[in-house]
Amino acid sequence: MTPRSLTVNGSPVPLDEPDNRTLADVIRNDARLTGTHDPCEHGVCGACTVLMDGLPVRSCMVLAAQAAGHDITTVEGLSHLDGELKARLDAAFLSENAFQCGFCTPGMLVLAFWHLTQQDASVKEDGIRDLVANNLCRCTGYRSILRAVAKAAS
Amino acid sequence: MKLPPFVILRPSSVEAVIAELAAPGTALLAGGQGILFRLRTGETRAGRLVALSDVHGLDGVTQRDGFLEIGARVTLRHLAAVSAQMGAPLLADAARHVGNEAVRTLATIGGNLGHGVATCETLLALAAAGGRAHFTRADGERQEVAGDALLGLGAQVEEGGLVTGVGFPCTLLGASFAEFGPQGMWVPELAVAAAWRAGGSLAVALAVGEGGRRLFTDVDLHDARSDIASRLATDPLDTSLPAAWIAAIAAHHASLAKASRREGAS
């Protein structure tokens with residue numbers, strides 16, 4: 001029997017019909033956590049990236065039903081997982097001006113947070129470049145984001 | 001780009017999945033990374049999705065008789081993590097090339113193969129390594145699919161069949177995988193898997209062109225073959241040969257891609 005709820009940042013969120021609702025819909029509309037952006041709605045931009053059981057997923061490409069029974073962490077919940085790392089990332093993004101319009105920022109933060117919690121995380125520029133290439137940013141040209149992630153890693 | 005309406009069905013056996021797929025307007029839901037995109041773009045129209053989530057026996061990775069036996073629902077992230085330690089580094093390498101970090105968390109090897117496109121990384125690795133896909137046809141008959149026939153899997157899945165697993169040899173002497181093309185392309189312009197099989201044959205699976213609708217095995221590229229032949233003469237058990245093959249093919253990348261585009265246009 002598939003569970004009819006999921007956990008978002010530690011709080012249970014019940015799942016309702018219909019079946020075509022995405023995880024992004026539930027996070028934004030039911031859990032009212034609007035830090036998760038959903039601009040492209042078809043898995044291209046990565047702005048809706050969240051952690052599902054600690055692993056990155058694009059919440060617009062996950063059906064709510066698929067996420068049933070799983071633990072979801074959004075950008076708002078990262079500080080509960082590792083407040084010190086999240087604070088380092090925030091400070092680095094600010095000091096390096098790693099955002100302009102800010103639409104991609106939640107996805108970039110979630111992805112960078114996940115990367116830096118991996119044992120084999122590459123803190124070299126090539127590794128970070130491969131990581132950041134997962135998500136789209138139309139403002140910064142990526143250089144400042146690369147610098148910010150490298151700074152938070154160090 | 002909202003998803004169209006559909007209902008999700010959750011049968012608990014392969015037979016029940018096949019029976020559900022027989023109804024018109026039905027599609028498979030494994031990791032969802034392909035089907036949700038196609039539903040949104042209208043490429044696939046389905047009012048019923050048959051989820052594999054409740055089907056037992058599709059999510060294991062075990063070693064048996066020189067093969068890694070992998071269930072269709074195994075995610076590419078898990079595969080990339082475990083298959084290298086279990087004797088199939090080529091498959092791990094191919095899995096790491098699929099999509100991106102977020103896609104690999106949920107995308108499955110069954111879904112990747114079910115696309116039936118040659119540049120599907122796991123399909124190329126399977127073809128080069130001499131592996132096989134375990135397949136149940138729409139009429140219920142079980143098949144082992146290997147070699148160039150792997151490219152037909154996509155069409156058979158659309159007709160209501162199901163990839164249930166993969167058998168990947170863990171006896172390769174050496175192997176290598178690479179993709180080429182302009183940075184940022186969703187589908188590589190050129191993808192190559194090369195495997196130095198036990199028993200002495202060097203096999204190469206190569207897919208060229210947007211969408212990779214062609215699969216070549218044992219590619220005959222004169223210049224590349226000469227280079228490899230000379231190395232082969234020097235050391236017939238040189239396990240770096242697959243990487244050398246790929247480097248040689250990479251040198252032909254531009255002309256191959258051009259020829260493929262020309263063929264596609266004609």
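All values below were derived from every heavy atom in this structure, side-chain atoms included, with hydrogens, water molecules and symmetry-related copies excluded. What you see is a predicted model; the values in this text were computed from it and never measured.
Residue with the most contacts toward chain B among A/Gly46, A/Cys40, A/Cys60: A/Cys60 (heavy-atom pairs, distance under 4.5 Å).
Contact of A/Leu63 with chain B is made through backbone and side chain together, with heavy-atom distances under 4.5 Å. With a 4.5 angstrom heavy-atom cutoff, B/Leu29 touches chain A only via side-chain atoms. Proximity to chain B (any heavy atom under 4.5 Å) is shown, for A/Val50, by neither the backbone nor the side chain. Only the side chain of B/Arg77 has a heavy atom closer than 4.5 Å to any heavy atom of chain A. Interface residue B/Ile8: backbone and side-chain heavy atoms are both found under 4.5 Å from chain A. Using a 4.5 Å cut-off between heavy atoms, B/Ala30 touches chain A through its backbone atoms (N, CA, C, O) alone.
Interface residues of residues 16-33 of chain A toward chain B, defined by a heavy-atom distance below 4.5 Å and sorted by number: A/Asp19, A/Asn20, A/Thr22, A/Asp25.
Listed for the B/Glu43 side chain is no donor-acceptor partner under 3.5 Å among the backbone atoms of B/Leu39.
Side-chain contact between B/Val74 and B/Thr108 is absent, with no heavy atoms from C-beta onward closer than 4.5 Å. Inter-residue side-chain proximity for B/Thr122 and B/Leu76 is flagged as met; some heavy-atom pair is nearer than 4.5 Å.
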Identify every side-chain donor-acceptor pair in residues 82-91 of chain B under 3.5 Å, counting partners at least two apart or on other chains, and give the distances.
unit_1	atom_1	unit_2	atom_2	d
B/Ser83	OG	B/Leu79	O	2.5
B/Ser83	OG	B/Ala92	N	3.3
B/Gln85	NE2	B/Ala81	O	3.3

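Not counting sequence neighbours, A/Asn97 has no partner by the side chain to side chain donor-acceptor pair (under 3.5 Å) test. A/Glu84 pairs by the side chain to side chain donor-acceptor pair (under 3.5 Å) definition with A/Arg88, not counting sequence neighbours.
Few gaps surround CD on A/Glu76; more than 12 heavy atoms of other groups in view lie less than 6.0 Å from it.
Among the candidates A/Val57, A/Thr73, A/Thr49, A/Thr74, the single residue satisfying the side-chain contact (heavy atoms from CB on, under 4.5 Å) test with A/Val110 is A/Thr49.
Taking the six-membered ring for Trp and thresholds of 30 and 60 degrees, A/His37 and A/Phe103 have ring planes inclined between 30 and 60 degrees apart.
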